Colleague: 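The structure that follows is given in the form of structure tokens.
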Amino acid sequence: MSTSVANPVAPSKVPQTAADLEHVDVQFSLSKLWENYRELAKPKIALMVLFSMGVGYLLGSAGEWTLWPLLNASVGVFLAVVASSCFNQAIEATTDSRMARTKNRPIPAGKLTVQQVYLIAIVCSVSSFLYLVLTVNMLTAVLTLGTTVLYAGLYTPLKRYSVLCTAVGAIPGAAPPVLGWVAAGGQLNMVAFSLFAILFVWQFPHFLAIAWMYRDEYLRAGLKMVPGSGREQMVGRVAFAYSLVLIPISLLPRHYGLAGDFYAVVALILGFIYARSSWKFAKDESRQQARRVLFASLFYLPGVLLALAFDHLRLLS
Ligand code: HEM
Ligand SMILES: CC(C)=CCC/C(C)=C/CC/C(C)=C/COP(=O)(O)OP(=O)(O)O
């Protein structure tokens with residue numbers, strides 16, 4: 001494992017004497033330390049993962065859910081998300097340093113070394129696996145570890161070689177509700193698959209909009225994230241096609257009896273809003289329209305999951 005990243009501590013800042021040490025602002029250092037670890041964990045994405053997992057847990061427990069197993073599953077999956085993100089940042093230290101969006105992450109900014117981040121990744125991965133085996137169940141532990149392996153071991157290196165990487169990355173991305181489902185004792189059946197399918201398809205307009213916005217950065221960094229080889233309107237059209245496919249897919253939970261008409265109506269309305277933003281993006285590939293697709297995606301997913309959870313509880317009561 002080699003690194004070209006500079007030593008995080010500049011020599012001029014290293015305290016030389018005991019008197020210097022007294023002047024080290026402990027509070028400042030702690031807040032800096034916290035900032036580094038927060039950046040490593042990608043907290044907003046982690047929150048969305050935990051929320052999706054929580055909804056999967058609620059649906060998988062068929063009305064018999066209790067708080068402790070949910071908290072245990074959340075701890076285990078959170079550790080795996082941190083591990084996944086650390087592996088990703090350690091593997092991509094060089095490409096991250098070439099993009100404005102990622103160049104201030106702890107490794108390219110010289111605040112943590114590649115080795116330190118790999119160490120955190122391994123510790124979090126092992127802790128996640130053991131924690132889930134001991135407090136939840138073996139299936140959840142194995143699937144969560146598999147999710148990290150797929151994300152860090154396949155998707156992340158593939159970004160440099162093929163645009164198909166995003167279809168691979170969408171598999172770990174769609175795993176969270178299934179992890180919650182199996183943590184609650186649910187079987188790996190078509191019902192669990194319907195939750196997976198919603199997140200899987202949802203991701204395409206989400207990351208196509210992002211890939212288009214950052215296409216120049218990705219190109220400079222040598223990452224193959226944008227389909228269509230630069231052809232006009234290609235990215236928008238693909239995003240729109242996926243947003244249309246998402247509409248019938250989003251109705252599967254109703255088909256399997258997880259939720260009822262309330263959910264179906266909300267899913268149709270949100271699906272229409274998401275498809276409309278993608279359609280506008282397809283017609284006018286601009287930064288503003290791409291941002292709107294990203295915004296619609298971040299509104300769609302929690303909205304659909306909330307409606308699903310709410311309607312499921314309504315049917316049970
Ligand atoms: C192949 C799949 C995915 C790719 C390539 C991807 C990529 C990205 C990127 C690059 C950003 C940063 C956008 C920016 O800085 O402007 C982002 C934002 C975000 N993504 Fe994804 N994403 C994927 C799947 C997911 C999944 C599965 C979730 C959650 C379950 C998710 C949740 C989010 C959230 C919440 C944000 C906003 C974060 C923020 O504003 O800091 N993404 N995504
Ligand atoms: C254990 C578990 C549930 C893990 C889930 C991992 C996870 C959140 C996957 C999301 C999907 C994804 C491909 C994100 C983008 O990564 P990127 O490398 O393209 O993002 P970046 O360019 O910002 O690093």
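Read the numbers this way: they start at 1 and go in the same order the structure lists the ligands and their atoms. These numbers were taken from a predicted model, which means no experiment stands behind them.
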Colleague: Counting N and O atoms only, with roles assigned by atom type, does the side chain of S85 sit under 3.5 Å from a partner on the main chain of L40, one being a donor and the other an acceptor?
Modeller: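 Between the backbone of L40 and the side chain of S85 there is a qualifying donor-acceptor contact (under 3.5 Å).
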Colleague: Does T148 form a side-chain hydrogen bond (donor to acceptor under 3.5 Å, both in side chains) with S125? I'd like the steps, not just the answer.
Modeller: CA-CA 8 Å; T148 301; S125 237; 4.8 Å; no
Colleague: For the rings on F281 and F240, is their centre-to-centre separation under 6.0 Å?
Modeller: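 No; F240 has its ring centre 6.0 Å or more from that of F281.
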Colleague: Looking at side-chain heavy atoms only, is the closest gap between F299 and L270 below 4.5 Å?
Modeller: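 Yes, close enough: below the 4.5 Å cut-off.
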Colleague: Determine, using the 4.5 Å side-chain heavy-atom cutoff (strictly less than), whether L315 and L251 are members of one ILVMFWY cluster.
Modeller: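 No, separate clusters.
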Colleague: Test of understanding: with side-chain contact (heavy atoms from CB on, under 4.5 Å), list the residues that count as partners of S297, not counting sequence neighbours.
Modeller: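 S297 satisfies side-chain contact (heavy atoms from CB on, under 4.5 Å) with W202, H206, Y274, L294 only.
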Colleague: Any pair with a residue in residues 139-159 that passes salt bridge (charged side-chain N to carboxylate O under 4.0 Å, His left out), sequence neighbours left out, goes on the list, sorted by first then second residue, please.
Modeller: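 Pairs touching residues 139-159 that pass the test: E92-K159.
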Colleague: Measure from NZ or CZ of R215 to the centre of the six-membered ring of W212 and say whether it is under 6.0 Å with the direction within 45° of the ring axis.
Modeller: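 Yes, R215 lies over the aromatic ring of W212.
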Colleague: Just the distances, no angles: every ligand 2 N or O to protein N or O pair closer than 3.5 Å, one line each.
Modeller:
unit_1   : atom_1 : unit_2 : atom_2 : d
ligand 2 : 16 (O) : Y151   : OH     : 2.9
ligand 2 : 18 (O) : N88    : ND2    : 2.9
ligand 2 : 18 (O) : Y151   : OH     : 3.4
ligand 2 : 18 (O) : K159   : NZ     : 2.8
ligand 2 : 19 (O) : Y155   : OH     : 2.5
ligand 2 : 19 (O) : K159   : NZ     : 3.1
ligand 2 : 22 (O) : R101   : NH2    : 2.8
ligand 2 : 23 (O) : R101   : NH1    : 3.1
ligand 2 : 23 (O) : R105   : NH2    : 2.7
ligand 2 : 24 (O) : K42    : NZ     : 3.0
ligand 2 : 24 (O) : N88    : OD1    : 3.1
ligand 2 : 24 (O) : R105   : NH1    : 2.9

Colleague: Tell me whether K103 is salt-bridged to D96, with the criterion being a basic N under 4.0 Å from an acidic carboxylate O.
Modeller: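 Result for this pair is no, no salt bridge flagged.
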Colleague: Quick one: table the atom pairs, ligand 1 N or O against protein N or O, below 3.5 Å, distance rounded to 0.1 Å.
Modeller:
unit_1   : atom_1 : unit_2 : atom_2 : d
ligand 1 : 16 (O) : Y214   : OH     : 2.8
ligand 1 : 20 (N) : H206   : NE2    : 3.0
ligand 1 : 22 (N) : H206   : NE2    : 3.1
ligand 1 : 42 (N) : H206   : NE2    : 3.1
ligand 1 : 43 (N) : H206   : NE2    : 3.1

